Protein chains: 2
Amino acid sequence: MARAVKNILFVMYDQLRWDYLSCAGHPHLHTPNFDRVAAMGVRFDRAYVQSTICGSSRMSYYTGRYAQSHGAEWNGFPLRVGEKTLGDHLRAVGMDCYLIGKTHMRADEEGMQRLGVDPDSIIGVRASECGFDPWVRDDGMVPEGPDGSYDGRVSPYNEWLKEKGYPGPNPWSHYANSGIKDGQIAPAWILENADLQANIREEDSETPWLTDRALEFMDQQPGPWCAHLSYIKPHWPYIAPAPYHDMFGANQVPAPTRDARELDNDHPVYSRFARSPIGKSFQDDEARAKVIQAYMGLIKQCDDQLGRVLDRLEQTGAIEHTMVVLTSDHGDYLGDHWMGEKMFMHEQSVRVPMIVYDPREAADATRGTVSEALVEAIDLAPTFVEAAGGAPEFHWLEGRSLAPLLHGAAPSSWRDAVISEYNYAATPLAGVLGLSDEDARIFMVFDGRWKLIHFEGGIRPMLFDLQSDPDEFEDLGARADHAAEIERMYGHLNAWGRRQSQQVTVSKEKLDGMRGSSARRGILLGVARAADADPELFSKYVGPAQADYTKE
Amino acid sequence: MARAVKNILFVMYDQLRWDYLSCAGHPHLHTPNFDRVAAMGVRFDRAYVQSTICGSSRMSYYTGRYAQSHGAEWNGFPLRVGEKTLGDHLRAVGMDCYLIGKTHMRADEEGMQRLGVDPDSIIGVRASECGFDPWVRDDGMVPEGPDGSYDGRVSPYNEWLKEKGYPGPNPWSHYANSGIKDGQIAPAWILENADLQANIREEDSETPWLTDRALEFMDQQPGPWCAHLSYIKPHWPYIAPAPYHDMFGANQVPAPTRDARELDNDHPVYSRFARSPIGKSFQDDEARAKVIQAYMGLIKQCDDQLGRVLDRLEQTGAIEHTMVVLTSDHGDYLGDHWMGEKMFMHEQSVRVPMIVYDPREAADATRGTVSEALVEAIDLAPTFVEAAGGAPEFHWLEGRSLAPLLHGAAPSSWRDAVISEYNYAATPLAGVLGLSDEDARIFMVFDGRWKLIHFEGGIRPMLFDLQSDPDEFEDLGARADHAAEIERMYGHLNAWGRRQSQQVTVSKEKLDGMRGSSARRGILLGVARAADADPELFSKYVGPAQADYTKE
């Protein structure tokens, strides 16, 4: 019997760089379970996210649409009610869609109220949870400051820690994400604490906890389902439980990818990013090394937990009908380009791991291969719809199904460039630069060689040639001798800006059937003379006058 | 007591050209009631619609958003549920919003079902009626052909005609929109029938019927309200009841604005429009003259009916607190540029009348004046919200309030260019040209002098210089000596394409308050060393370690 996709395990790690996996060439970090999936499927080596910040990137994954199209351009910006989600698309073709972990979704409460959607109804819960049925939702982010809690929601993980006996009101903060130094809580928010052992039992830390929830789900739910297993790690606060906290030494930390030419670059936005407090904190080489040791430890833990999931899939035989996808919502600069965090457009930030195992025979030809096709995060939604046996609704979905690439059938055409966006209107940097909200926006266009970074606000673009300068050190954006490349890349961006992203109520198929149909429903234009009238089209309009009101 | 805007009478005529009014300089058509409003208010002489087809243009008026933003790019394309409407904006500031006549709205039934919106609930009715409370809805379009009726809805006007004794199943067609020739029904769809007398009593024809509904509304509804009084006429089928059918003679029909150079233009889209059946039917000069005589008669009837409304407003004193707005959803070529209908981007199609009477004292300074500001249809929605005493929500609304222009206070900046769009994917012409749906789209950018018309599908742009060539005869789009102007105009279009149209869940005010706020809610980035930590921000993260799990 032919193998079909019954279930889809859509695994996301938060802030996982594309190159911190052994299958992607990391020199010191061995990730046998990521590699195991890569050997079973296709590793897409040039996969790009639609935004370099969690919430916005995720809304693109979960809607299959660009950030400019779905409009939730920053963390905490609600996804407008009615925006169609992966869950909506999959349920329509008979596949449930569950959440296990993080989405960074915020509900459009005003919109739901306006449309009378009860937040406690099934429709309301799905609208609030970005189209997922929440098996467990935990965004893995429970910080607190003088103005209160960042995320008002109750964290199931934090509550679970309390039940396990971890003391205090916020064990997520004081145990899972802190160490101990001199008898005091040493929060991992401070980078120099990243080499401490997290003050938590390893099996109680975030990644195993969520893995347990996923195993419970898989044991209980036969499917067909798509399960979004969405880990917070290796996202900051950077700190790992034993034994992962000291598994890697300073000699295994890669040297930063940075160059003095970059600090000489007077580009107003880049130069301020590189000189921001975040940038400077990652220029502290000792602190950076501690962070990366923790980051590698956290990834190693993710890999071990992935092994548990894969083992279960193999033990139950579910691997025969389960598509497995491993990816991330964006990368992490980790001191490269003199920066920390993500939120800009170098490869370290915008490029992500994307590994897809497709159980179908059609994919046998590509197992263990690496694809160089330009892939976007928004490609997963149509890929999943296709795998579920449906026809992707391309009047909503702006990506492309990866099925042809997975099945070794080169598509007749593929995209020429990928687009990513970052809106920094809600950051202090917008104020430093004196920019309006509209002007605090960045667009990236990358065609596989040339990367153009456009800035609103009349700020000049940046340009990199990744063929001659794969490390992206030399900004050619001010160079007159590259004007032609800049113009060509702008051509991609401009065409993209004119795309139809909101014609979401008329399918392509329906539209194709409309051409000229109004004439057969009585809209008769272009007939000057009765002699030219088509008798069939005019049949309803002719006949003897039954009453004459022209004489009254 | 200061005069305030209590009610807004938002009058739309369908397919009314900007220049078929005596206040706009028409040489033969005297429209004293349009002129009366112009004398009381401001006539915006350079007002442009966002699309040159009814449904799409209207959705822009009713949402305050560009066609690319609301996505309903053609007639019969449903407006997506959740798209915020003029009615939503006005009701939020205490003003009801009623419909009397046409909208061309089609409900997003699939979206409503997905969100559980009952079509018969108040929310559902408003979602189905483009945000209006329907006092009476009649799209004025009840054609029928071999495949059935164009508009499946019951027409209240058609039903009213039947009650009045007009015989047959479709008196809209056989009486209101037909004449009699040789004892046979002579449908006005055939242009050479346009000079016939419509087979209906004048007082039973469409424009007086809808005016009666409006007078009933005004008598019964004290307000505050915005009432959209939306006439189908002078839209085709072109035929007028007595005495309007022969009020104008062939010698009062303006000569067509057309030039042989235009037929020599090999532009693939324009040349096919000019050679389409519609274009050819309006190149029949005798048929054209008959059409224009009827068109002028229909406008004259509209003017007389407008007089009834204005008289009632004056008799009741309501004119002291009623804003009156007269406009149209697009123009009509009427044989100019060798074309009929609308659906292209010459002034005859994309430019509309826009006359605004504002009762407030602040507007006294501008009464009877003409504004040359570049105005867009989407400006009315924020104008109405401001007049109703509210603050326009510019995260939804893409236009600008006209209040500064109405009140004689020159705004510090105004727009540099207007944008209009036309999507012809659903027309036979897209097939003739072999274009995909995405490529059958036109964008216009006009800066007050230069008009660029961009075509998707790799088709070259058209360019007109309205200063040296006000009639738009000479297409400069292929001329190398105008490359700089073309590039500059594309700059406007490209910036527009990158605009934020979908960030509709976060107000500008809320966004302004977000800059840097996450640090005070515990997101602490950029701290390498404990010594650099701000004690207040870190207050929740420090203290003695209560339990030590690192030893287990």
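Not measured: the values here are computed from a predicted model. For the numbers below, each heavy atom of this structure counts, side chains included, while hydrogens, waters and symmetry mates do not. Every chain is numbered from 1 and lettered A, B, ... according to where its sequence line falls, protein lines coming before strand lines.
Side-chain contact between B:Leu191 and A:Val527 is absent, with no heavy-atom pair separated by less than 4.5 Å. Side-chain contact between B:Asp88 and A:Arg114: present, with at least one pair of heavy atoms (C-beta onward) separated by less than 4.5 Å. The side-chain heavy atoms of B:Asp147 and A:Ser517, taken from C-beta on, include no pair separated by under 4.5 Å. Within the 4.5 Å cutoff, no side-chain heavy atoms of B:Val542 are placed close to those of A:Ile185. When side chains are defined from C-beta on, B:Asn199 counts as touching A:Asp548, because their heavy atoms get closer than 4.5 Å. Residues B:Val504 and A:Phe77 form no side-chain contact, since every pair of their non-hydrogen atoms from C-beta on lies 4.5 Å or further apart. You'll find the side chain of A:Asn423 reaches within 4.5 Å of the side chain of B:Gln500, heavy atoms only.
Heavy atoms of B:Ser436 lying under 4.5 Å from chain A belong exclusively to its backbone. With a 4.5 Å cut-off on non-hydrogen atoms, A:Ile523 touches chain B through its backbone and its side chain both. Looking at B:Asp532, neither its backbone nor its side chain comes within 4.5 Å of chain A, counting heavy atoms on both sides. Heavy atoms closer than 4.5 Å to chain A are found in the side chain of B:Glu341, but not in its backbone. In this structure, chain B has no heavy atom under 4.5 Å from any part of A:Lys181. Residue contact with chain A, scored on non-hydrogen atoms closer than 4.5 Å, involves the side chain of B:Leu493 exclusively. For B:Leu524, the parts lying under 4.5 angstrom from a heavy atom of chain A are both the backbone and the side chain. Contacts between B:Asn177 and chain A at a heavy-atom distance below 4.5 Å are absent for every atom of the residue. In this structure, chain A has a heavy atom under 4.5 Å from the side chain of B:Met141, while its backbone stays farther away. With a threshold of 4.5 angstrom between heavy atoms, B:Arg441 approaches chain A through side-chain atoms but not through N, CA, C or O. At a 4.5 Å heavy-atom cutoff, the contact between B:Ser69 and chain A is made by backbone atoms alone. For B:Lys290, no part lies under 4.5 angstrom from a heavy atom of chain A. For B:Asp284, the part lying near chain A is the side chain, with the backbone staying farther off; criterion is any non-hydrogen pair under 4.5 Å. The contact between B:Ile200 and chain A is made entirely by backbone atoms, counting heavy-atom distances below 4.5 Å. At a 4.5 Å heavy-atom cutoff, the contact between B:His454 and chain A is made by side-chain atoms alone. Only the side chain of B:Glu456 comes within contact range of chain A, judged by heavy atoms closer than 4.5 Å.
The most heavy-atom pairs under 4.5 Å with chain A, out of B:Trp74, B:Trp496, B:Trp396, B:Tyr490, come from B:Trp396. Note: B:Phe538 leads B:Phe538, B:Tyr424, B:Phe282 in heavy-atom pairs under 4.5 Å with chain A. Among the candidates B:Ala530, B:Ser501, B:Ala533, the residue making the largest number of heavy-atom pairs closer than 4.5 Å to chain A is B:Ala530. Counting heavy-atom pairs closer than 4.5 Å to chain A, the top residue among B:Gly82, B:Gly76, B:Ala495 is B:Gly82. Note: A:Pro146 leads A:Ala92, A:Pro146, A:Pro187 in heavy-atom pairs under 4.5 Å with chain B. Of all the listed residues (A:Ser149, A:Ala194, A:Gly340), the one sharing the greatest number of non-hydrogen pairs under 4.5 Å with chain B is A:Ser149. When each of A:Ala198, A:Pro237, A:Pro78, A:Gly168 is checked for heavy-atom pairs under 4.5 Å with chain B, A:Pro78 comes out on top. Heavy-atom pairs under 4.5 Å with chain B were tallied for A:Pro167, A:Ala127, A:Gly124, A:Gly179; the largest tally goes to A:Pro167. In terms of heavy-atom pairs under 4.5 angstrom with chain A, the leader among B:Gln68, B:Lys280, B:Gln546, B:Arg529 is B:Arg529. No other option in A:Ala545, A:Gly279, A:Ala287 has as many heavy-atom pairs under 4.5 Å with chain B as A:Ala545. Among A:Gly183, A:Ala242, A:Ala67, A:Pro143, the residue with the largest count of heavy-atom pairs under 4.5 Å with chain B is A:Pro143. Counting heavy-atom pairs closer than 4.5 Å to chain A, the top residue among B:Ser173, B:Ala425, B:Gly111 is B:Ala425.
The 12-atom threshold is exceeded at CD of A:Glu144, counting heavy atoms of other residues, nucleotides or ligands nearer than 6.0 Å. The number of heavy atoms from other shown groups lying within 6.0 Å of CZ (B:Arg126) is above 12. Around CD of B:Gln184, the count of heavy atoms belonging to other residues, nucleotides or ligands within 6.0 Å exceeds 12.
To the nearest 0.5 Å, atoms CD1 (A:Ile180) and OG1 (B:Thr550) are separated by 5.0 Å. Taken to the nearest 0.5 Å, the NZ atom of A:Lys540 stands 9.5 Å off from the CG atom of B:Asn170. Atom CD1 of A:Ile278 sits about 4.5 Å away from atom CG of B:Leu525, to the nearest 0.5 Å.
Scanning all heavy atoms of the two residues, the minimum distance from A:Ala426 to B:Leu511 falls at CB-CD1, 3.9 Å.
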Worked verdict on A:Leu115 versus B:Val81 for side chain to side chain contact (heavy atoms under 4.5 Å, CB included): CA-CA 9 Å; A:Leu115 290 171; B:Val81 68; 3.9 Å; yes

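For A:Tyr166, the ring pair (Phe, Tyr, Trp, His ring centres under 6.0 Å) partners are A:Tyr175, B:Tyr549, not counting sequence neighbours.
Salt bridge absent: B:Glu438 and A:Arg498 never bring a charged side-chain N and a carboxylate O closer than 4.0 Å. No salt bridge links B:Lys510 with A:Asp437; every basic N to acidic carboxylate O contact stays at or beyond 4.0 Å. Between B:Lys84 and A:Glu110 a salt bridge is recorded (basic side-chain N to carboxylate O distance below 4.0 Å).
Between B:Trp189 and A:Tyr541, the gap from one ring centroid to the other is short of 6.0 Å.
Residue B:Gln502 is tested with A:Arg65, A:Arg80, A:Glu73 for a side-chain hydrogen bond (donor to acceptor under 3.5 Å, both in side chains); the sole match is A:Arg80.
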